[in-house]
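FYI, side chains are in, hydrogens and waters are out, and symmetry mates aren't considered; it's all heavy atoms of this structure. All residue numbers refer to positions in the sequence shown, counting from 1.
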Amino acid sequence: ASTTNAFWRMILADQVVSIVMVTGLTEGTPAKVKCARYWPAASQTETYGTIKVKSDMPQEFDGYTVTVLRATGPDGVTLNVTHFWYNTWPDHSVPKNAATGAIETGTLLAVHKAVREHQTRRMQSKAPIVFHCSAGVGRSGSFLAFDHALETLESAHEVNMFALVDRIRDDRVALVQHAVQFKFIHDALKAYASKNNIQMKQLQVGANGYGAVAPKPAAPAAATGADA
């Protein structure tokens with residue numbers, strides 16, 4: 001909770017109008033805190049350090065929630081920020097159909113479309129979008145990778161997913177944390193292409209299939225002193 005003021009200062013400084021949250025506040029059994037609540041309850045106002053945030057009534061959709069947050073800085077200027085809470089994506093895994101256990105990509109496509117349309121309506125399609133989960137590599141990394149891959153798919157009609165994930169890991173290690181998340185992105189791209197009549201030239205996944213995306217283990221530390 002001590003970082004919430006810094007978080008909102010970042011939002012105001014970069015004029016962010018979309019936050020995509022891909023985690024629950026608590027998860028697991030017993031419940032473990034995954035994220036501090038950095039926005040007020042519906043129709044309430046909270047002050048985080050020097051920034052006052054008012055929450056509108058949330059809108060509930062299938063698998064996610066959208067809330068407009070009105071953040072006012074010390075200068076009195078208010079920024080309207082839309083919070084997209086994708087709260088049906090389990091940690092270390094992917095959304096699945098409760099009845100069949102099959103990977104479910106529909107909510108990812110819906111959330112991504114809603115974020116993209118919101119950015120366009122605000123005429124800030126180039127403004128940074130804040131993605132976050134709990135650790136910042138698995139779910140948020142997968143959403144980010146899907147966003148990058150979709151832009152490539154729309155322009156070139158082909159995506160080398162293995163190369164794309166390898167490239168974004170230059171900026172943050174272990175993005176797209178699990179092989180099943182890599183497959184999830186792959187399935188979502190195929191579903192998007194089918195729904196939008198995009199004729200794909202190629203959708204590469206890597207020589208060893210989905211397992212090839214597993215993060216490389218860290219190099220062992222050099223032995224020193226008495227342990228040498």
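In this structure the side chain of V165 never reaches within 4.5 angstrom of the side chain of L175, judged on heavy atoms. Looking only at side-chain heavy atoms (C-beta outward), P95 and T107 stay at 4.5 Å or farther from each other. In this structure the side chain of V22 never reaches within 4.5 angstrom of the side chain of H132, judged on heavy atoms. Side-chain atoms of R139 and S134, non-hydrogen and from C-beta on, do get closer than 4.5 Å to each other. Side chains of F84 and H118 form a contact here, defined as non-hydrogen atoms less than 4.5 Å apart. Looking only at side-chain heavy atoms (C-beta outward), Y86 and T23 stay at 4.5 Å or farther from each other.
Under a 3.5 Å cut-off, the side chain of N196 and the backbone N or O of Y192 do form a donor-acceptor pair. Formation of a donor-acceptor pair under 3.5 Å by the S194 side chain with backbone atoms of A191 is not found in this model.
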Stepwise salt bridge (Lys or Arg N to Asp or Glu O under 4.0 Å) check, R70 with E46 = CA-CA 11 Å; R70 307 180 190 280; E46 296 281 354; over 6 Å; no
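The hydrophobic cluster around W39 extends to F7, W8, M10, I11, L12, V16, V17, I19, M21, L25, Y38, Y48, I51, V53, L69, L79, V81, W85, V130, counting ILVMFWY residues whose side-chain heavy atoms fall within less than 4.5 Å of a member.
In this structure, the separation between CG on N5 and OG1 on T47 is 10.5 Å, given to the nearest 0.5 Å.
When hydrophobic clusters are built by joining Ile, Leu, Val, Met, Phe, Trp and Tyr residues whose side-chain heavy atoms come closer than 4.5 Å, directly or via intermediates, I185 is grouped together with I198.
A 6.0 Å sphere centred on NZ of K34 holds more than 12 heavy atoms belonging to other residues, nucleotides or ligands.
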